[in-house]
Structures are given as structure tokens and as C-alpha cells.
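The next block holds one structure in the form of C-alpha cells; read it before the comments.
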Amino acid sequence: MAEEPTGPPRGPVGTRDVLWPESARWEQLVARFARRARLAGYGLLVTPVLEEARLFRRGVGEASEVVTKEMYELTDRGGRHLALRPEGTAPVVRAFVQHNPPVPYKAWYVTPAFRYERPQAGRYRQHHQLGVEALGSDDPDLDVEVIALAAGFYVELGLSRVALAVNSMGCGEDRPAYLSALRAYLDTHAAELCDEHRERYGANPLRVLDCKRPACMAVTAGAPRLVDFLDAPCAAHFARVRAGLDALGVHHHLEPRLVRGLDYYTRTTFEFSDPGLESAQNAVGGGGRYDGLAEAIGGKPAPGVGFGIGIERLLLACDAEAAFAVAAPAPEVFVVDLTGGEEGRDLAEELRRAGLAAVRAFDDRSLKAQLRLADRSGARWAAVVGPAEKDKGTVQLKDLRGGSDRELPRDRLVAELSGGEVRQ
RNA sequence: GUGGCCGUAGCUCAGUUGGUUAGAGCGCCAGGUUGUGGCCCUGGAGGUCGGGGGUUCAAGUCCCCUCGGUCACCCCA
């Protein structure tokens, strides 16, 4: 247990503050995603960050790493056992089950997610995800729509190296046959597996496929493949998904060992990775179909498919590819006041009421200081009001790019700035 | 949870084999004729050297602990 800290409080380990102006990029990212989602008919869904802990135990999986080792759990003052959401899908499905909206119900979200793990490049205890979920249909074209939405988003941001891996995990019908085949294979190669999996793979042999240690990877390279065990409906579904991606020009490749760490996946799984990311965490998004999840959490059966994109990692990928540069937001007008503040106060508000982004200096700074601030603010115009202008009822309008200056009646200022006469 | 590396001004860093009042650049503030920014010049503010303990005549420099950061394993976004 950590000792009681001293000094001013700090943000908890593994969390970050995104200060302005850096946050401008974040803001833009969410806006772009929202637009894309809306174009495809996905509406914003807001759900609580807190959920009953049992939602994730049942949904994400009792034995999954995320639940057993990484979940933030707490008991509230009323004795309720709650958890901070470790991922985005289960809460969406919970809301769907609880409210039973018309299907297909297509929603997008932006949310923090919490996992108690050691932070490193591209990995935090609180990270943020952008995602969509489409519930109530098992149409493979819906898988295609969802995947294309994500793929198009990466392209829109200027990410050119993002690769899409896909796989199918089958369903409750064909999974048992595959599991026994995999188990039989692993039994004959048990001695060659990594330390962690040598003794224990019985509970969920799929985990071994996900193991990145060289020993396990060498063994699983020759293991039976999920796609070879799909029953007819699942095989047809997967074929339709891949054909749809091809038809839309969404490049992808089969990754037979892609199983992902959350237990709820069935049929389609996919993952986007950016090899441009230097760090070990180069997965910038992932998702899949989860036709058994609604039922697993106690609702009536409902299929679903969706994905999550990690905002922090996505931005790291943008840095690595020198993509998605966003200019810091700048005001249109900087109001310079030499009358003691009253004129500046009133004029700034007047401009804002007219829809112009207007800022000013405080603390009665010198003219020189105010103009310096105006320059650094990035504003195109400075509107200067001193005692002389106040008496005459005018303002000096200064073009901060060139430096030219002209005086105009104060009641003409808004019209000048918003009318296009001065704007170019 | 395990391991490597690193903690000196707001930021990026320098601080010789331990030796006076801890420095630079950038940023910030003020001034450079009474009301005009950017460039330049001058000056200024700002640091419990992450924290605690120890060694020593003397610790930013060495040792231990601790907190934090960072990277990796694992897993994932």
C-alpha cells in the first residue's frame, strides 16, 4: 500500500492532464469522429463511468485479465459493489438491455476507461476510447459498416500505415470442436510452451494463441486455425464480411491467431495496428462481434458488433506519422483597453454577443504588454480603446498581421469585423 | 506484479575527482521618451537541487529507503 503522500495533490499514477492548447487536437479528434458516426447513423450514447462490478465479471469474463487483475472496484456508502468501467462495450450492452430501444440500435461514445496496470508508452491507468456499437442485428454487412467506419477514420486523420487484421472466432456451435482440437494439439506440445502456459491452458486454451512470447508463438504457428473449424453459418458470415471489406476497398488480412483478451467475442474479431508506433503498444483500435454478450449479462439474446479506439494511442500514432496537425485556436479580436478596463469589458462582451471570438487583457496592463499579448494570442485584429477613443466614441482597429491601423466609430466595429469588409 | 533507466527554475538542460551566495537557453514580468505588438538591448521575478535518513569538516554530487517519471515484460486502447 502506498503511504500518505505529502505536498500538493498530484494526478494519480497513470493519469494525465491534457492542457490547453494541446487539447485542441483532442477536441478536433472527437469532433471528427462524431461527424463520421453521425454520417453513418450512429447517435451519441452517454452511460455512467460507474457500473455494478458484476456487469464486467459476467460480460467481459470472470477469468479475463482485465477483470481479475486490472479492474478498479469499490464499495459505495450504500454497500453497492461498483467498478470503474475497464472497457466500453459492456456498459453499452447493459444500457441496451435495460432500455430495450428499437433495433438495430447504433450508438457511438467517447469515454474514459480504467485499468490498474503499470503505465508505459501508450498505456495509462485512465485512457480514453472512441467507439461505436451496433446492437440487435447479426447481418455481416453491419460488421462491414462498423469496420469501414473505423478504417475511414484513420484515413481521414492521415494515418497511412494502419493495418487491419481480421479473424473469426466462430460461435457456440462450432467452438467446442475447435477447442478440443486446439487442446489436443497443445497437449502434444505442452513442453515447448512458455512458463505461464506450460501448465495451465485448460481453462481457456485460446489465451495461448494470444501469447506473444516466442515459445508460445512458435507452437501456435502450427496450431489448428479457428477459421478451419467454422460451421456453415459462421463461415458464410465471415466470407460475407471479407467480401464486403474488399468491395469497399478496406484493406485487411487474415490473422488466424487474433482472439483478443475479452471473453465475449464471437465470429468477427479485428484489430488495427500502426507499425509506425515505436512503442510496444501499437494497437490503435480493435473490436468484434459479441452475439452472446446481452444474454451473458442476463438480458434476452441480442447480437452486436463494435469497436473501440484508444485516443492517446491514436494521437501517438499521428505524431509518429506526422499526421493530424491541429492549429491552436485563436480569437478573432483582441481588445486593448487603456481606460482602466471598463471599455474593454463592455466591448469584448459586445463582440461576443455578435458571435465574434474576442479576448482581452486583465490587470490593467500597459499598452505595450497588451499588444504583445494580442500578438501572441494569434488574433487577427486588435481593437484599441483609450481615453481619446472613448471620448470620440471610436476604436482603433489594428491589423496584427501587417500593422496598419484605422479609426472607426465604435458602433461600426461589429459590422466591420463580421461583415466581410475587413475580413479577407 | 517483476525489471532497466531517470528525477536541478514553468519548459529543455549544464553543474568538473563531494568544496564559498546553484547556472544557461527558452518562456514569464518590467523598462528602452508622454498611446502601438513581432526583431533587438537592459534589468527582474522564479529553485525545500522529488522527499526522508545516512556517510563527511563539507552532499545537487556518495550510500540506503521512499515517492514520482520513463521504458520493457504481461495484457490491452
Side-chain angles (χ1 to χ4, degrees), chain A residues 1-8 10-16 19 60-61 64-71 85-89 110-131 150 194-197 207 210-214 216 258-262 271-274 277-287 307-317 334 336-339 361 363 365-390 396-405 407:
Chain A
M1 278 293 126
E3 292 177 12
E4 191 64 22
T6 58
R10 308 171 43 89
V13 173
T15 65
R16 310 177 72 80
L19 267 52
V60 176
S64 67
E65 290 253 319
V66 166
V67 166
T68 56
K69 299 167 61 175
E70 300 175 352
M71 202 154 71
R85 59 164 51 166
E87 58 97 51
T89 301
V110 53
T111 181
F114 304 85
R115 291 178 201 167
Y116 191 88
E117 32 185 6
R118 281 284 282 273
Q120 68 186 77
R123 201 179 72 181
Y124 309 98
R125 286 186 177 173
Q126 176 178 339
H127 75 280
H128 300 263
Q129 290 191 24
L130 243 19
C194 77
D195 293 346
E196 186 183 329
H197 291 114
R207 289 264 179 278
D210 206 27
C211 184
K212 300 298 187 295
R213 293 185 226 264
C216 280
L258 179 64
V259 298
R260 305 182 53 75
L262 279 37
E271 198 165 276
F272 294 92
S273 58
D274 190 326
L277 276 179
E278 296 290 323
S279 71
Q281 280 69 41
N282 61 10
V284 293
F307 66 75
I309 290 175
I311 292 182
E312 288 84 352
R313 272 187 206 174
L314 186 59
L315 256 14
L316 285 175
F334 193 103
V336 173
D337 172 290
L338 300 169
T339 70
D363 304 312
R365 304 266 239 123
S366 70
L367 175 64
K368 178 176 182 167
Q370 291 192 56
L371 279 171
R372 189 165 48 227
L373 291 172
D375 184 52
R376 288 173 197 171
S377 75
R380 172 70 196 280
W381 307 104
V384 184
V385 184
E389 289 80 9
K390 183 180 180 182
Q396 292 283 344
L397 184 60
K398 185 180 186 60
D399 183 343
L400 288 168
R401 271 195 232 157
S404 65
D405 218 351
E407 190 165 352

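Within every chain, numbering begins at 1; the chains are lettered A, B, ... in the order of the sequence lines, protein sequences first and strands thereafter.
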If each of A:Gly122 and A:Pro119 is mapped to the nucleotide of RNA chain B with the nearest heavy atom, which maps nearer the 5' terminus, i.e. the 5' end?
-> A:Pro119
Residue from A:Arg260, A:Arg207, A:Lys69 passing side chain to side chain contact (heavy atoms under 4.5 Å, CB included) with A:Ser64 | A:Arg207
A:Ala369 near the nucleic acid: base, sugar-phosphate alone, or nothing, with a heavy-atom cut-off under 4.0 Å?
-> sugar-phosphate
Pick base, sugar-phosphate or nothing for A:Ala283, based on heavy-atom distances below 4.0 Å to the nucleic acid.
-> sugar-phosphate
Intra- and interstrand pairs of RNA chain B - dot-bracket, Watson-Crick/G-U under 3.5 Å, | marks other strand = (((((((..((((.....[...)))).(((((.......))))).....(((((..]....))))))))))))....
Test: A:Arg125 cationic atom under 6.0 Å from A:Tyr116 six-membered ring centre, within 45° of axis = yes
For B:G43 versus B:C5, give the span between their P atoms, rounded off to a whole number of Å.
-> 43 Å
Base, sugar-phosphate alone, or nothing: which one does A:Val13 contact when heavy atoms must sit under 4.0 Å apart?
-> sugar-phosphate
A:Tyr116 OH to B:C74 C1': how many Å, rounded?
-> 15 Å
Would you indicate what A:Gln396 reaches in the nucleic acid, counting non-hydrogen atoms under 4.0 angstrom: base, sugar-phosphate, or nothing?
-> base
Inter-residue atom distance A:Leu314.CG - A:Asp274.CG, 0.5 Å rounding = 9.0 Å
Residue met sooner reading RNA chain B from 5', once A:Glu389 and A:Ser366 are mapped to nucleotides = A:Ser366
Once each nucleotide of nucleotides 38-48 of chain B is scored for protein heavy atoms under 4.0 Å, what B/S/- sequence comes out, 5' to 3'?
-> B----------
How close or far is atom C1' of B:A77 from atom CZ of A:Phe272, stated in whole angstroms?
-> 13 Å
How many Å lie between CG on A:Leu373 and P on B:U36, as a whole number?
-> 16 Å
P atom, B:A14 versus B:U56: distance in rounded Å?
-> 31 Å
Can you tell me how far C1' of B:C75 sits from CZ of A:Arg123, to the nearest Å?
-> 7 Å
Pairwise C1' distance, B:G47 and B:A22 [rounded to whole Å] | 9 Å
Determine whether any donor atom in the side chain of A:Gln370 lies under 3.5 Å from an acceptor atom in the base of B:G35, or the reverse, and answer yes or no.
-> no
Any A:Arg10 side-chain N or O less than 4.0 Å from OP1/OP2 of B:G50 | no
Separation of B:C71 P from A:Asn282 CG (nearest whole Å) = 15 Å
Does OP1 or OP2 of B:A30 have a side-chain N or O of A:Arg365 closer than 4.0 Å?
-> yes
Nearest-Å distance once atom P is located in both B:C57 and B:C41 | 49 Å
Distance between the C1' atoms of B:G37 and B:G46, in whole angstroms?
-> 25 Å
Quiz item: A:Glu117 side-chain donor-acceptor pair to B:A77 base, under 3.5 Å = yes
Using the aromatic ring of A:His128 (for Trp, its six-membered ring), decide whether it stacks on the base of B:A77 within the limits of 5.5 Å and 30°.
-> no
Measure from the side-chain N and O atoms of A:Glu271 to the backbone N and O of A:Gly285, and report whether any donor-acceptor pair falls under 3.5 Å.
-> no
Base, sugar-phosphate alone, or nothing: which one does A:Arg118 contact when heavy atoms must sit under 4.0 Å apart?
-> base
Report the distance from atom CG of A:Leu397 to atom CZ of A:Arg380, rounding to the nearest 0.5 Å.
-> 9.5 Å
So CD of A:Glu70 and CD of A:Glu87: to nearest 0.5 Å the spacing works out to 12.0 Å
Report yes if a side-chain nitrogen or oxygen of A:Arg16 is closer than 4.0 Å to either non-bridging phosphate oxygen (OP1 or OP2) of B:U70; otherwise report no.
-> yes
Is any N or O donor-acceptor pair between the side chain of A:Gln120 and the base of B:C74 shorter than 3.5 Å?
-> yes
From A:Asp405 CG over to A:Asp399 CG, what is the distance, rounded to the nearest 0.5 angstrom?
-> 9.5 Å
Rounded to whole angstrom units, what separation is found between the CG atom of A:Asp399 and the C1' atom of B:U36?
-> 13 Å
Main-chain N/O of A:Pro112 paired with A:Arg85 side-chain donor or acceptor, under 3.5 Å = no
What is the nucleic acid contact for A:Asp210, judged by heavy atoms within less than 4.0 Å: base, sugar-phosphate only, or nothing?
-> sugar-phosphate
Is a side-chain donor or acceptor of A:Glu389 paired with a backbone partner of A:Gly386 at a separation under 3.5 angstrom?
-> yes
Under 3.5 Å, is there a donor-acceptor pair between the side chain of A:Lys398 and the main chain of A:Gly403?
-> yes
If you look at every strand shown and take non-hydrogen atoms under 4.0 Å, does A:Gly88 touch a base, only sugar-phosphate, or nothing?
-> nothing
Inter-nucleotide C1' distance (B:U17, B:G60), Å rounded = 16 Å
Side-chain donor/acceptor of A:Arg207 to base of B:C74, under 3.5 Å = no
Which part of the nucleic acid, if any, lies within contact of A:Gln126, taking any heavy atom under 4.0 Å across all strands shown: a base, the sugar-phosphate backbone alone, or nothing?
-> nothing
To the nearest 0.5 Å, how far apart are CG in A:Leu338 and CZ in A:Arg365?
-> 13.0 Å
Please state how far atom CG in A:Asp337 lies from atom C1' in B:U36, giving the value in whole angstrom units.
-> 14 Å
Using a 4.0 Å heavy-atom cut-off across all strands, classify A:Pro86 as base, sugar-phosphate, or nothing.
-> nothing
Out of B:C74, B:G35, B:A77, minimum distance to the side chain of A:Ala388 belongs to B:G35
Over how many whole Å does the gap from A:Leu367 atom CG to B:G31 atom C1' extend?
-> 14 Å
Separation of the P atoms in B:C67 and B:C11, to the nearest angstrom = 23 Å
First locate atom CZ of A:Phe114, then atom NE2 of A:His127, and finally report the distance between them rounded to the nearest 0.5 Å.
-> 10.0 Å
Has the side chain of A:Gln129 got a donor or acceptor atom that lies under 3.5 Å from a matching backbone atom of A:Gly131?
-> no
C1' atom, B:G53 versus B:G15: distance in rounded Å?
-> 25 Å
